[in-house]
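These notes concern the structure reproduced below.
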Amino acid sequence: MTATRIDGKAIATDLRATIAIEAEKLIKETNVVPGIAVVIVGEDPASKVYVASKGKAAKECNFHSVQHTLADDVTEETLLSLIGDLNDDPAIHGILVQLPLPDHINESKVLNLIRPDKDVDGFHPINVGLLTAGERDKAMVPCTPAGSLILAKRVLGNLSGKNAVVIGRSNIVGKPMAALLLAESCTVTIAHSRTKDLPDVVRGADIVVAAVGRPQMVKGDWIKDGACVIDVGINRIDAPERGEGKTRLVGDVDYDSAAERAGSITPVPGGVGPMTIALLMANTLTAARRSAGLDDLDYASMLS
Ligand code: NDP
């Protein structure tokens with residue numbers, strides 16, 4: 001079997017276009033312009049790239065978008081005061097603080113100050129609790145798992161009764177991914193670094209989500225025939241075949257061998273990554289719609 005390649009880049013483009021149309025409608029009907037504020041501390045080059053692409057996506061989606069760039073040595077107090085101002089700003093519906101923050105700043109203190117209804121990253125304990133309690137319609141859901149779920153549903157449709165194995169138990173990806181799959185009535189196993197016989201655990205999965213951070217760890221012979229494989233990992237490895245000192249991005253799954261067994265699989269790059277930014281826009285639109293008293297949109301069902 002050769003797996004269907006799940007084109008996350010194309011699906012994300014489609015989603016952003018849908019969001020842009022829905023944002024226009026919202027503006028026309030309610031005068032509410034979805035607004036996102038991205039806060040970045042310091043000069044980390046990777047963070048700057050992410051923040052720039054978030055700003056670009058926001059503009060494409062017809063959002064009001066502001067960026068606050070703070071110096072590396074900014075005090076925690078100044079950052080907390082900025083978050084307080086953004087919480088109170090009616091033009092801002094989504095606040096995103098780019099991680100990591102410098103060591104002298106208490107990350108959870110900052111993230112926990114963001115108003116839960118503006119927490120478009122979905123990391124606030126209130127949002128974690130709502131998702132875990134099965135109240136997704138009131139929560140802000142973390143973008144990477146939400147995007148991964150759309151990709152899985154795109155190929156499999158109804159996920160009810162499927163065996164899902166999530167490898168990784170981080171608060172950002174693994175745990176919310178498991179909560180989302182459980183809410184879809186999957187039978188969910190969460191694997192991690194202490195899991196025994198991981199290949200055997202993965203062999204039982206109709207859906208595999210790999211969120212480990214270990215290049216090409218999941219091998220083809222771990223994959224059940226026909227399984228749907230969602231590779232969240234983004235790892236940079238040396239690529240001497242491309243020339244001296246060159247590198248390339250790979251996922252947590254050994255794509256070539258897994259594609260021989262899987263029914264469908266996301267590539268890296270071009271799979272989950274582009275969905276993450278698209279879901280950030282979706283969350284911002286959701287926050288803006290909720291502020292106007294409107295229901296959430298079911299983005300997965302609106303794609304072409
Ligand atoms: P973390 O480092 O926070 O978590 C990694 C998880 O993998 C941990 O739960 C860890 O287990 C588990 N793990 C580590 N080694 C093994 C192993 N040998 N066998 C089984 N499990 C193992 O990572 P994140 O969740 O933040 O990110 C995971 C990956 O996803 C990274 O490559 C990251 O770059 C990528 N990522 C991609 C995004 C995107 O937009 N596509 C967004 C966010 C992340 P334990 O808890 O026991 O230590």
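In this text, all values refer to a predicted model and were calculated from it rather than measured experimentally. Here, residue 1 is the first one in the sequence, and each next residue gets the next number. Numbering of ligands and ligand atoms starts at 1, following listing order.
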Close-range residues for ligand 1, whose non-hydrogen atoms fall below the 4.0 Å threshold | T144, I167, G168, R169, S170, V173, H192, S193, L198, A211, V212, G213, R214, M217, V232, G233, I234, N235, V272, G273, T276
So, do V41 and P102 sit near enough that their side-chain heavy atoms are less than 4.5 Å apart?
-> yes
Any donor-acceptor pair under 3.5 Å from N235 side chain to V250 backbone = yes
Supply the members, apart from V33, of the Ile/Leu/Val/Met/Phe/Trp/Tyr cluster built from side-chain contacts under 4.5 Å; use none for a lone residue.
-> I27
Does the side chain of L297 reach to within under 4.5 Å of the side chain of R289, using non-hydrogen atoms?
-> yes
Do D221 and K219 sit within salt-bridge range, that is, some charged N less than 4.0 Å from a carboxylate O?
-> no
Close side-chain approach of R203 and R261, heavy atoms under 4.5 Å | no
